[in-house]
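The next block holds one structure in the form of structure tokens; read it before the comments.
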Amino acid sequence: EPEVTQTPSHQVTQMGQEVILRCVPISNHLYFYWYRQILGQKVEFLVSFYNNEISEKSEIFDDQFSVERPDGSNFTLKIRSTKLEDSAMYFCASRGTGAYEQYFGPGTRLTVT
Amino acid sequence: QKEVEQDPGPLSVPEGAIVSLNCTYSNSAFQYFMWYRQYSRKGPELLMYTYSSGNKEDGRFTAQVDKSSKYISLFIRDSQPSDSATYLCAMRQGWGERQLTFGSGTQLTVLP
């Protein structure tokens, strides 16, 4: 069964460093998303991406964040200068054309020290 | 008022019980409703999805949507210890590349 994959599973970084989280969406999906979940809190939407551009973004997705589809399979989330409060699980999701359900990856746990 | 409210539990039931999980929402623009299961420190796994009001059944799982009451439910029949997880409701507006809005999740434990 096709699935969304994410790497790395766990990333530890120091405050102020840049991190790139990687996702491989399901192969025939065209809509991509990033969500985050701070420990013990709700899953929160960050950004949606379609046709090589951002479709929607939340208030959380400020200038420190960027997304990119560098090739035909990968979808990345970059945080330019990490803060302690960026520590969370980051989930990538994808959706197929004509569908409304989103499929999530296993997540990357980001720890900022 | 929160957009999506979900009783966090924890909910503990004996094996074989019928489980009822619920969410209420305030935004009448929500049209698509999903239930996800999440094991500890893992990604949300899609269980059920429905559009508008009505029931949908898939094996031991039944999803119900009542848009007039802004209330959705997930029923699990013949619950198993492997059903122990956090259950998240999620919903979205309209068509297109819209974001999901999640409830806070209900933690379920099914005791053998």
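Quick note: numbers below take in every heavy atom, side chains included, and nothing from hydrogens, waters or symmetry partners. None of the values given here were measured: they were computed from a predicted structure.
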(request) Go through the atoms of Gln37(A) and report whether side chain, backbone, both or neither lie under 4.5 Å from a heavy atom of chain B. (result)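 Gln37(A) touches chain B through side-chain heavy atoms alone.
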(request) Give, as side chain, backbone, both or neither, the part of Tyr35(A) having an atom under 4.5 angstrom from any heavy atom of chain B. (result)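 Side chain only.
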(request) Check whether Tyr39(B) gets within reach of chain A through its side chain, its backbone, both or neither, counting any heavy atom under 4.5 Å. (result)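 When you check distances to chain A, no heavy atom of Tyr39(B) falls under 4.5 Å.
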(message) Taking side chain as everything from C-beta outward and backbone as N, CA, C, O, which of these in Leu100(B) sits under 4.5 Å from a heavy atom of chain A? Side chain, backbone, both or neither.
(response)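 Both backbone and side chain of Leu100(B) come within 4.5 Å of chain A.
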(message) If I take atom NZ from residue Lys78(A) and atom CD from residue Glu18(A), how far apart are they, to the nearest 0.5 angstrom?
(response)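 Nearest 0.5 Å value for the NZ-CD distance: 4.5 Å.
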(message) So if I apply the side chain to side chain contact (heavy atoms under 4.5 Å, CB included) rule between Arg37(B) and each of Asp83(B), Leu88(B), Leu108(B), which one comes out positive?
(response)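 The passing option is Asp83(B).
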(request) Taking side-chain hydrogen bond (donor to acceptor under 3.5 Å, both in side chains) as the test, write out the residues that go with Asn55(B), two or more places apart. (result)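 Asn55(B) satisfies side-chain hydrogen bond (donor to acceptor under 3.5 Å, both in side chains) with no residue once adjacent residues are dropped.
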(request) Pick whichever of Gln6(B), Met34(B), Gln38(B) has the most heavy-atom pairs under 4.5 Å with chain A. (result)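 It is Gln38(B).
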(message) Any non-hydrogen side-chain atom of Tyr25(B) less than 4.5 Å from a side-chain atom of Thr101(B)?
(response)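 A side-chain contact is absent here, since even the closest heavy-atom pair is not under 4.5 Å.
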(request) Please list, chain by chain and in numerical order, all residues satisfying side chain to side chain contact (heavy atoms under 4.5 Å, CB included) with Asp62(A), sequence neighbours excluded. (result)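 Asp62(A) satisfies side chain to side chain contact (heavy atoms under 4.5 Å, CB included) with Gln64(A), Phe65(A), Lys83(A) once adjacent residues are dropped.
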